[in-house]
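Here's the structure, in structure tokens; my notes come after.
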Amino acid sequence: MHILLVASAFNSLTQRVHAELRDRGHSVAVELALPPAPGGEPSAPQDEALRAAVARHRPDLILAPMLKTAIPRDVWSAHTCLIVHPGPPGDRGPSSLDWAVHEGMTRWGVTVLQADERMDAGAVWASADCAVPPVGKSDLYRGEVSDAALAAVLLAVDRFASGTYVPLPQREPRPGEAQDGPCRTRPYFRQELRRIDWQRDTTDTVVRRLRAADSQPGVLDELLGAQWFLHGGHPERALRGRPGELLATRSGAICRATADGAVWIPELRARRLPGEPVPVKLPAVTALGERLPELPELPARGRGWSDISYREEGQAGFLSFTFPGGAMSTGQCRRLLAAYRAACARPTSVLVLGGGRDFFSNGIHLGVIEAAADPAAESWANITAIDDLVEAVLCTTDRLIVAALGGNAAAGGAMLALAADEIWCRSGVVLNPHYRLMGLYGSEYWTYTLPRRVGPAVAERLTTEALPVSAEAARRLGLVDRTTACAPQDFAGETGRLAARLAASPAVSARIAAKKAARDRDEALRPLAAHRAAELARMRRTFFDPEAPYHALRRDFVRKAPASGTPPHLARATPERRRVTGSAAADGAPGPVGCYQEG
């Protein structure tokens, strides 16, 4: 079938649906449903753009994986339009996941329903349920909810294709029926409902409020004489202090006392003032800057929260890292490199990088770069720091390195994974192995590692087409070595078992020796230093050219500027393949913001 995806943004779920439908042989195109201009009529030009797209594509089916606006009546009355709602059948409203996390639900679901006059009230084509582990809303959305949504979407598409399925109408509540009956419409989750009372709220309450607002919109709060949106939250059981007081810092996060303990808050975003640009979400210590009083920097101990951790099981070491949004700043890259070197000093034969349930990495930290006094210099510092990390992985020849991707990876983060000897992915992972949508050529030794895995022609296609790749498609291409079909919560355990088996294999010593010999041969053909120098020469020209598209694209991305239209590479129907010349990957070739990183 030819399927038109209508979405408010090309976000993680839209990317996964796009990739998985293509894997199944469907022709897929995207139309972004752009928000109305400030002060404009809600149904003005964006509806006309959608009508034009429908007329141009003549789709068999219209599917909306993530939609914040209504589809025009004349469109849904003439075409079957299926809406993905992140709630179980009967749940209605714009803040479904916020309420689920806030109320401590342990099971939730996703419904695919037909567009109708009333939001979320159409007939149900498919649904799937999922667990709700104690994680942030955005992590849940990219994990369990994404799995349930994909299952429900594929079922709904198959049912539509059969031509015989009749969707089930939702039963409307009878007069006087309880609000938690068969259909329940809940309001938008306003900031008043998210407010934290630091004097009375327990650690569990504060963490739940923070998780229900992660990563958007955050929890509005007052701190050190200013208003901030708080992003992310991790419990701290050992530290105590006066409720509301700042107690310590760790890895860029701040620790704030609650009524019975404390929480770690990794990121802050200043409240926007009239006439000012949209503020950037930053590591909390960076955001507070000179406002921050002198506080102890506490290392992680035991089970306390940390963004980098290491453990061993027999001959296998596990270096885990989890950075908000998958972005890796200069400082984070340097800390991870130090931890990597320490891990390589241990007597193991296998070292696993990653293994967490959310993002593996999305490369350099565009937010920190945008907020820097000199973004060009910070861009350069960040790319050289991540290159140092990738180089260390590539030059490790005394053990096998496994990159374990429990969550999505993009740009330099995807290339970081390629430096490993083996790449293991959870089946729900989406990869974006390209840079051009940010106007960048890219580094992280990708000119060595990507063609080495998939060949020059496929490497060129992946980096120029700039489309998301599912885990299974990546396995078929040779981008990854193994996919594991498991729940996000189970990926770490599955990775641990696989790594222990690999480390215990009698062939591991021979593999390590063969790896070293192959590295020596490659170095003789073209040294790693030559790849790095060529990549960084192009990156330097872009970074230090104030007119390079990268600067505007970066600014629009981190400051959430609305797109001006549907990007051409998404509007084209896929999966038909086009021959691609090398010109599209040239320095500064601009592309729309949307799938370089995910917020």
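The shown structure was predicted, so the numbers you read here are calculated from the model rather than taken from an experiment.
With hydrogens and angles disregarded, a donor-acceptor distance shorter than 3.5 Å links the side chain of Lys137 to the backbone of Gln216. Between the side chain of Asp147 and the backbone N or O of Cys130 there is no donor-acceptor pair closer than 3.5 Å. Side-chain atoms of Ser127 never come within 3.5 Å of backbone atoms of Thr111 as a donor-acceptor pair (strictly under, hydrogens ignored). Asp307 places no side-chain N or O within 3.5 Å of a backbone atom of Phe323 that could act as its donor or acceptor partner. Distance alone, capped at 3.5 Å, places no donor-acceptor pair between the Glu444 side chain and the Ala411 backbone. Checked by atom type and distance alone, the side chain of Trp108 pairs as donor or acceptor with a backbone atom of Pro86 at under 3.5 Å. Although no hydrogens or angles enter the test, the distance criterion places no donor-acceptor pair under 3.5 Å between the side chain of Arg357 and the main chain of Ala492. Between the side chain of Arg482 and the main chain of Trp424, no donor-acceptor pair closer than 3.5 Å is present. Put simply, the side chain of Ser27 gets close to the backbone of Thr574: a donor and an acceptor are under 3.5 Å apart. Remark: the backbone N or O of Gly407 is not paired with any side-chain donor or acceptor of Asp358 at under 3.5 angstrom.
Ser251 has its side chain out of reach of Ile308: every pair of non-hydrogen atoms, C-beta onward, lies at least 4.5 Å apart. Within the 4.5 Å cutoff, side-chain heavy atoms of His365 are placed close to those of Pro283. The closest side-chain heavy-atom distance from Leu67 to Ser8 is below 4.5 Å. The side-chain heavy atoms of Val368 and Asn382, taken from C-beta on, include no pair separated by under 4.5 Å. Side-chain contact between Ile196 and Leu210 is present, with at least one heavy-atom pair separated by less than 4.5 Å. Contact check for Arg211 versus Pro134: side-chain heavy atoms found under the 4.5 Å cut-off. When side chains are defined from C-beta on, Arg22 counts as touching Pro468, because their heavy atoms get closer than 4.5 Å. Taking the side chain as every heavy atom from C-beta outward, Asp120 and Thr185 never approach each other to under 4.5 Å.
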*Applying side-chain contact (heavy atoms from CB on, under 4.5 Å), run through Glu144 and Val132 and close with a yes or a no.*
CA-CA 7 Å; Glu144 286 79 3; Val132 181; over 6 Å; no
*Start with the C-alpha distance between His569 and Arg436, add both sets of side-chain angles, then the distance that settles side-chain contact (heavy atoms from CB on, under 4.5 Å), and finish with yes or no.*
CA-CA 12 Å; His569 77 295; Arg436 78 171 182 89; 3.8 Å; yes
_Between Cys183 and Arg92, is the side-chain contact (heavy atoms from CB on, under 4.5 Å) condition met? List the steps._
CA-CA 7 Å; Cys183 293; Arg92 299 176 185 176; 3.4 Å; yes
*asked:* Determine whether Leu479 and Leu418 satisfy the following criterion, side-chain contact (heavy atoms from CB on, under 4.5 Å), listing intermediate values before the conclusion.
replied: CA-CA 8 Å; Leu479 266 178; Leu418 295 183; 3.8 Å; yes
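Between Glu472 and Arg24 there is no salt bridge, since no side-chain N of the basic residue sits under 4.0 Å from a carboxylate O of the acidic one. Looking at Arg426 and Asp490, no side-chain N of the basic residue comes within less than 4.0 Å of a carboxylate O on the acidic one, giving no salt bridge.
Checking each of Asp98, Asp221, Asp214 against Arg194 for a salt bridge (charged side-chain N to carboxylate O under 4.0 Å, His left out) leaves exactly one that passes, namely Asp98.
A donor atom on one side chain and an acceptor atom on the other are found under 3.5 Å apart for Thr14 and Asn11. Side chains of His85 and Asp91: a donor-acceptor N/O pair is present below 3.5 angstrom, by distance only.
Taking the six-membered ring for Trp and thresholds of 30 and 60 degrees, Trp446 and Tyr435 have ring planes inclined between 30 and 60 degrees apart. Note on ring orientation: taking the six-membered ring where Trp is involved, the planes of Trp99 and His102 are perpendicular (angle over 60°, cut-offs 30° and 60°).
Of all heavy-atom pairs spanning Val157 and His26, the tightest one is CG1-NE2, 3.9 Å. Of all the heavy atoms in Gly439 and Leu553, the pair that sits closest is N-CD1, 3.6 Å. Between Ala287 and Leu268, the closest heavy-atom pair is CB-CB, 3.9 Å. Taking both residues in full, the closest heavy atoms of Ser427 and Glu20 are given as O-OE2, 4.2 Å, listed atom of the first, atom of the second, then distance. Summarising the geometry of Ser12 relative to Arg142, their closest heavy-atom pair is OG-CG, 3.4 Å, with the distance given to 0.1 Å. Between Ala70 and Asp47, the shortest heavy-atom contact is O-OD1, 4.4 Å.
How far CG of Leu431 is from CG of Asn408: 7.5 Å, rounded to the nearest 0.5 Å. In this structure, His57 NE2 and Ile3 CD1 are separated by 13.0 Å, a value rounded to the nearest 0.5 Å. The CD atom of Glu370 lies 4.5 Å from the CZ atom of Arg554; values are rounded to the nearest 0.5 Å. Atoms CZ and CG, on Arg195 and Leu220 in that order, are 7.5 Å from each other to the nearest 0.5 Å. To the nearest 0.5 Å, the span separating CG on Leu50 from OG1 on Thr69 amounts to 8.0 Å. With values rounded to the nearest 0.5 angstrom, Leu467 atom CG is found 8.5 Å from Leu437 atom CG.
Taking the six-membered ring wherever Trp is involved, the centroid distance between the rings of Tyr550 and Phe543 falls below 6.0 Å. For an aromatic pair to be called close, the ring centres must be under 6.0 Å apart, and Phe10 with His18 satisfies this.
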